[in-house]
Amino acid sequence: MSDPGSTAPASAASLYLTLGPVALTAAVYFSIFLVLRRSQRRYYAPRTYLGSLRTSERSPVLPNGWFDWIGPFRQIPDTYSLQHQSLDAYFFLRFLRILVVICFVGCCILWPVLFPVNATGHGAAEQVDILSYAHINKDTESNRYYAHTFMAWIFYGFVMYMILRESIYYINLRQAFLLSPFYANRISSRTVLFISVPTDYLEEAKLRKVFGDSVKHVWINGDTEKLDDLVKERDKVATKLEKAEVKLLKLANAERIKALKKKKGGSTDEKANAPADAESGSLAARWIPDKKRPTHRLGFLGLVGKKVDTINWCRTELERLIPSVDAAQNEYREGKYAKVPSVFIEFNTQADAESAYQVLAHHQALRMTPKYIGITPGEVVWSALKISWWQRIVRRFAVLGFITALIIFWAIPVAVVGAISNISYLANSVFFLKWLLSIPSIVLGFIQGLLPGVALSILMSLVPVIMRLCAKLSGEPSLSRVELFTQNAYFAFQLIQVFLVSTATSSATAIVGQIKDNPGAITTMLAENLPKGSNFYISYFIVQGLGVASGVLSQVVGFAIFTLMYKYLSGTPRALYTKWANLSAISWGSVLPVYTNIAVISITYAAIAPLVLGFATIGLLLFYLAWRYNVLFVTDTNIDTRGLIYPRALKQLFSGVYIAELCMIGIFASSVAIGPMVLMIAFLVFTALFHITINSALDPLLYNLPRSLAAEIESMPMHVEGSPVRNGHSTIHNGETDGASDAKKVSSGDTAVAGKKPGFLSKFLKPWEFCDYEAMRKLVPHDRVDTNNLYTDEVERNAYFPPSVTSGTPLLWIPEDSMGISKQEVRDTGKVIPITDEGCILSDKNKLEWDTETVRPPVWEEKIYY
């Protein structure tokens, strides 16, 4: 890929040189995917069969041939992810699809007009640059700038309409989902989190008096630091005991296998049964002496200190820890704890919760606010609930300041990495680095070639991690809020560092020397060279679209890591099951900004260098197809923002519109084109007014549910056409679920209000009429479950207690062996902590074996949908 600082005219040959190696790499990745997809179902199609998923969450099985899967894959609608996974998964795919539409429509609008206008502009540009604004002679062809102005009006007007249209679509679909019985009756939909609660309001009676009879449960949060430490220590010792038990069984089994080989076909499989009063470990002692039993030291990191038998020591520790944890948990349930200024309040209905969420709760400023609804217990950042109102303000400003500094000064470590790539030149230029020239050429080549790339990748991967840490430190109370914070912060980083800095250095490098030689020609040089920054992004889109998208699909590195971790680094049945059953999840806060930034770059250069749009269209389409496969067949949703990532990403597209308008105003000014400049200034003002208007009109609907729909819900009973649903799950026939066929019916044309038959244009131009709440209800998942009895009394009572309060004593899971040792260990260890040897065996190769498809292991827990 070309350097952003190089703005030499892009020729067809240079594009081929970029395209060739990248296309070859993409072909290799795709070939690897085709081969592995057929045999590695766990990694490339786990959503089709994995037992940790409910039947209703699974995807249809694709044919196992080389290419016969493409047709069925294409026929599955995107709405399948909506009905079988989450709002976030669906809107992620929809966002990529909308970006493809925007770029493609941009090509259709701009290319027929601007290509001829630019190509015949009688400028000095060469090669591909003749298709850009740079080829227009500002002295003789200045009237041509009006074409760019009015075509920019049309295209950017279309982009803004798409933002408005999709925001309305999101609002209607969100309302339909969250108001459906299955979602409305979830405990998270009926629970509001209040933070910065005054001390005198941390009483259940007072809170019930404030919010009335609609309150069902109140959880006043408390300090659980000591309990957290106790639970952490208990679980750590339990894990150590489980590993030691497995190690003991493997050591004994290895000795049995050796003995079996010595007897040359003889049998040592007679299972011994120890008497009830037998000494602990007596069966294992038949195969291994005491000195070979698992041991560890009690000192620093287990490296120094007294050496003890791990199994016996852990049993003794658990005899002390388990009662201590139980006692501390009971104290918390009885209210004997230091209260912190936050409270969860569950209401009888979703409408009551929404009323409490939307009303002003306290008469003093910054008290009982901000408040949040829809937070599930598993995503609560408990440490953030302890923060007082003034600490939250200080932390927020400190974090914003840090992120601003990080974005601005991130160029320094990047520059250092860049300097390493040119270490030979530096060694010749800087006297104290000359010793580097004595390094062997092979090592120096490694330092200059591979090391900078690896270092830069590590640096860039650290940015989202730092952003998430900042979000938690700022006081964001849930993981979904953390992802939304990261989405904003990481987009700002992408916009400034990846786009604006690269573009600025690209143009500056080309014109600084020319301005120095001829200062009077500064406006001409700016007008000619600023559009040439697009050459770098043409190559960038080729690399992203072919190379990176094929990597997303093939996941070669991820597959290698998974295989290594599962086969060689999972030493217990629990570790095997955890690695096997847990699907990889998409981190919305760090994935979405990358594609939003690609769209912003495309929008910015649309009227200046329209050719960029073509490459962006192809690149984004390949990303869409790759992520579509992953969402439907590979990944799961761990953090659910209820689709809020979508309107946030849509609004970020305004950045592209603003930057494009400012760039065009600057270019027109540098070309002394007064008329087009005035027109673009007028359109900039219109854009700002449009942006402000839709924000004020739509923002309340993005975060609140309206009361006006309650009457509609009562008058419109839920009805979805489709096949019958049995036992709460859609049935599966011939590899395709009924849910998929229902989604096809809805998506293919049944999204209009009953009695109306709109055409494509009508549906596109009037989403508020033909994609309204009533139409969106047909897309809601329709598992026929008892929505009034989603939880047991115990689950509901414990829902918003801190995890350390509800954490039960873990069940240890060890493999069954043929010597009877596991049975004796279960008997002896079971006196202290629950333990089982069911569901996994030690084979004659001393490997752990368990049924990965049909039997649920003893540590399996049914997922609760809060």
Side-chain angles (χ1 to χ4, degrees), residues 236-298 302 305-322 567-577 809-851 855 857-859:
K236 181 181 178 181
V237 174
T239 302
K240 182 185 284 288
L241 175 58
E242 185 178 70
K243 290 180 179 178
E245 294 279 14
V246 174
K247 183 178 180 180
L248 176 70
L249 292 172
K250 285 185 174 181
L251 289 171
N253 197 44
E255 294 299 323
R256 182 189 70 85
I257 294 171
K258 287 180 183 178
L260 186 63
K261 289 180 179 178
K262 287 180 181 178
K263 290 187 178 183
K264 295 183 179 179
S267 175
T268 61
D269 287 347
E270 296 83 4
K271 183 177 292 188
N273 293 313
D277 58 349
E279 184 181 354
S280 176
S282 58
L283 291 183
R286 297 181 182 181
W287 297 99
I288 55 175
D290 288 346
K291 65 180 181 179
K292 287 190 176 181
R293 284 172 60 88
T295 60
H296 71 281
R297 294 185 182 275
L298 299 179
K306 181 183 177 183
K307 181 184 286 188
V308 295
D309 182 284
T310 301
I311 293 175
N312 293 332
W313 180 85
C314 288
R315 288 173 181 169
T316 303
E317 283 295 295
L318 288 172
E319 286 178 343
R320 174 182 65 84
L321 287 170
I322 291 175
K567 288 189 175 181
Y568 303 107
L569 299 179
S570 299
T572 65
R574 184 188 305 276
L576 284 175
Y577 171 71
T809 303
L811 170 67
L812 305 190
W813 186 21
I814 62 175
E816 182 182 7
D817 67 290
S818 59
M819 301 164 288
I821 298 175
S822 65
K823 299 298 182 186
Q824 186 181 33
E825 294 301 312
V826 166
R827 186 197 69 189
D828 295 336
T829 301
K831 298 173 183 177
V832 180
I833 187 172
I835 184 173
T836 181
D837 65 348
E838 298 176 357
C840 184
I841 63 170
L842 264 178
S843 70
D844 286 339
K845 295 181 179 180
N846 213 22
K847 300 291 184 183
L848 299 175
E849 294 181 356
W850 66 289
D851 190 335
V855 179
V859 294

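Since the structure is predicted, the reported quantities are computational estimates derived from the model, not experimental observations.
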(message) Just verifying a value: how many Å separate R320 CZ and L318 CG, rounded to the nearest 0.5 Å?
(response) 9.0 Å

(message) To the nearest 0.5 Å, what is the distance between CD1 on I257 and NZ on K845?
(response) 10.5 Å

(request) Might you point out which heavy atoms bring W813 and R574 nearest each other, and give the distance in Å? (result) CE3-N, 3.7 Å

(request) Give, for atom CG of N846 and atom CG of L251, the distance between the pair rounded to the nearest 0.5 Å. (result) 8.5 Å

(message) Once side-chain contact (heavy atoms from CB on, under 4.5 Å) is applied, do any residues pair with E849, and if so which ones, sequence neighbours excluded?
(response) I841, S843

(request) Please step through side-chain contact (heavy atoms from CB on, under 4.5 Å) for the pair R293 and K247, ending with a clear verdict. (result) CA-CA 8 Å; R293 284 172 60 88; K247 183 178 180 180; over 6 Å; no

(request) Answer whether the closest heavy-atom distance between the side chains of N253 and R256 falls below 4.5 Å. (result) yes

(request) Indicate the atoms forming the closest heavy-atom contact of S822 with L249, along with that distance. (result) N-CD2, 3.7 Å

(request) Look up atom CG in L812 and atom CD in E242, then write down how far apart they are to the nearest 0.5 Å. (result) 5.5 Å

(request) State whether E245 and R315 are salt-bridged, where the test is any N-O pair (Lys NZ or Arg NE/NH1/NH2 against Asp/Glu carboxylate O) under 4.0 Å. (result) yes

(request) Using a 4.5 Å cut-off on heavy atoms from C-beta on, say whether the side chain of D290 contacts that of K292. (result) no

(request) Just do the side-chain contact (heavy atoms from CB on, under 4.5 Å) check on L842 and K847 with the steps written out, would you? (result) CA-CA 6 Å; L842 264 178; K847 300 291 184 183; over 6 Å; no

(request) Heavy atoms only: give me the nearest A244-I311 pair and the separation to one decimal. (result) CB-CG1, 3.8 Å

(message) Using every non-hydrogen atom in the two residues, find where V832 and I322 come nearest and quote the distance to one decimal.
(response) O-CD1, 3.4 Å

(message) Assess whether a salt bridge exists between K250 and D817, defined as any Lys/Arg side-chain N lying under 4.0 Å from an Asp/Glu carboxylate O.
(response) no

(request) Please name the pair of heavy atoms, one in T572 and one in V246, separated by the smallest distance, quoted to 0.1 Å. (result) CG2-CG2, 4.1 Å

(request) Any chance you could measure L241, atom CG, to E317, atom CD, to the nearest 0.5 Å? (result) 11.5 Å

(message) Please give me the minimum heavy-atom distance between T809 and P834, naming the atom from each residue.
(response) CG2-CD, 3.8 Å

(message) Would you say CD of E838 has more than 12 non-hydrogen atoms from neighbouring residues, nucleotides or ligands within 6.0 angstrom?
(response) no

(request) To the nearest 0.5 Å, tell me how far L576 CG sits from L848 CG. (result) 5.5 Å

